[in-house]
Amino acid sequence: MSTKELLVKRLPELDRMPLSQVSQYLDANVEHEVVECVNWAEEFPYKPFCSFVVAVSATRLYVFYSVISKDLRAVHIADLSPVAEDSCVEFFMQVPGQDEYWNFEFNCIGTLNASHRVERAHPTRLTATELSLIDRYSSCGKEAIAEQDGTFCWDLVVSIPLQLIGMDVNNMPDFLMGNFYKCGSKTKHPHYVSWSAIDSERPDFHRPDCFGKLWLRAPEPECSTTLTHVHQSKQPSQPKGLKKLLLKIFGK
């Protein structure tokens, strides 16, 4: 099973923008990746559309999700609640050399469940202070949403301090390991979809052995044939963005 890789773009200017504007900037300057691995298709065949953009500034890691999905559910409004039951997107990551990995799980209104751990059974939940350091902005607002039928489009952008996840901003590693997910275990159409494929019999996102590689520095060309190359100039050489991706996938 091949492991996904991508090159994370460095955009220090993101720290000077309100989070409400970051998604538009990322959409214009970085290619979208698609979360499309349906790992347990026999029991959970539904695959909503979910794309993400990831970038780093001098101090923070940014992830911008775009979703088109049946159902919309956000009944959990308190951080550390089981948001994976709602319309949810997730980011799991591990810094090379660290034993622990981190899970960040967000429902469509930005409610966050986050922990770090060595083994799934023994999480260390983030404190209220740590949770407050993770910025979130959702197109769905912040109010609870009882489950609704239909087709819904929504965006979520989040930023995570690099120091919170144990990274030295003055001595960044060459890469991180990580995976991106779309799920909703108690929605009308339950689903468990990943960016990098997962090899397990039952739905299980807590699989660091299946994480992809997120390059913070360009690797040698022979390192990988699956690496998503991202142009590093501040002005992209050709139009980018979610609209372009949707046209490519779904046609005109």
### Task
Give a yes or no answer on whether the side chain of Asn39 reaches the backbone of Ile198 with a donor-acceptor pair at less than 3.5 Å.
yes
Heavy-atom nearest pair, Arg60 first then Ile134, reads NH2-CA, 4.3 Å
* Please answer whether the main-chain N or O of Lys188 pairs with a side-chain N or O of Glu147 as donor and acceptor at a distance below 3.5 Å. => yes
On a heavy-atom basis, the closest approach of Cys37 and Ser196 is SG-C, 4.3 Å
*Cluster question for you: counting only ILVMFWY and a side-chain heavy-atom cut-off of under 4.5 Å, with indirect links fine, are Val67 and Val54 together?*
yes
- Item | Check: Gly178 main-chain N/O paired with Tyr101 side-chain donor or acceptor under 3.5 Å | no
Closest non-hydrogen contact found for Thr111 with Ala78 is CG2-O, 3.3 Å
Inset, instruction - Please check if any side-chain donor atom of Ser115 sits under 3.5 Å from a side-chain acceptor atom of Arg125, or the reverse. - result: yes
* To do: Verify ring pair (Phe, Tyr, Trp, His ring centres under 6.0 Å) between Tyr181 and Tyr192, making sure each step is shown before the conclusion.
  => CA-CA 7 Å; Tyr181 311 111; Tyr192 303 89; over 10 Å; no
State yes or no: are the ring centers of Phe64 and Phe52 separated by less than 6.0 Å?
no
Worksheet entry | Any donor-acceptor pair under 3.5 Å from Lys4 side chain to Ala197 backbone | no
Salt bridge present between Arg136 and Asp79 (N-O < 4.0 angstrom)
yes
Practice task
Begin with the C-alpha distance, continue with both residues' side-chain angles, and end with the deciding distance and a verdict on salt bridge (Lys or Arg N to Asp or Glu O under 4.0 Å) for Glu85 and Lys186.
Solution key: CA-CA 5 Å; Glu85 298 173 350; Lys186 289 193 175 180; 3.6 Å; yes
Flag the pair Lys182 and Glu90 as a salt bridge only when some basic side-chain nitrogen lies within less than 4.0 angstrom of an acidic carboxylate oxygen.
-> no
Closest non-hydrogen contact found for Trp102 with Ile165 is CZ2-CA, 3.7 Å
Q | Verdict with reasoning, Asp209 to Arg207, per salt bridge (Lys or Arg N to Asp or Glu O under 4.0 Å) | A | CA-CA 5 Å; Asp209 58 311; Arg207 292 291 304 273; 2.6 Å; yes
Determine yes or no for a side-chain-to-main-chain donor-acceptor pair under 3.5 angstrom, with Ser139 supplying the side chain and Asp155 the backbone.
yes
Hydrophobic clusters here meaning ILVMFWY residues chained together by side-chain heavy-atom distances under 4.5 Å, can you tell me if Tyr46 and Trp40 are in one? no
In short, Ser194 meets Val35 closest at the heavy-atom pair C-CG1, 3.4 Å
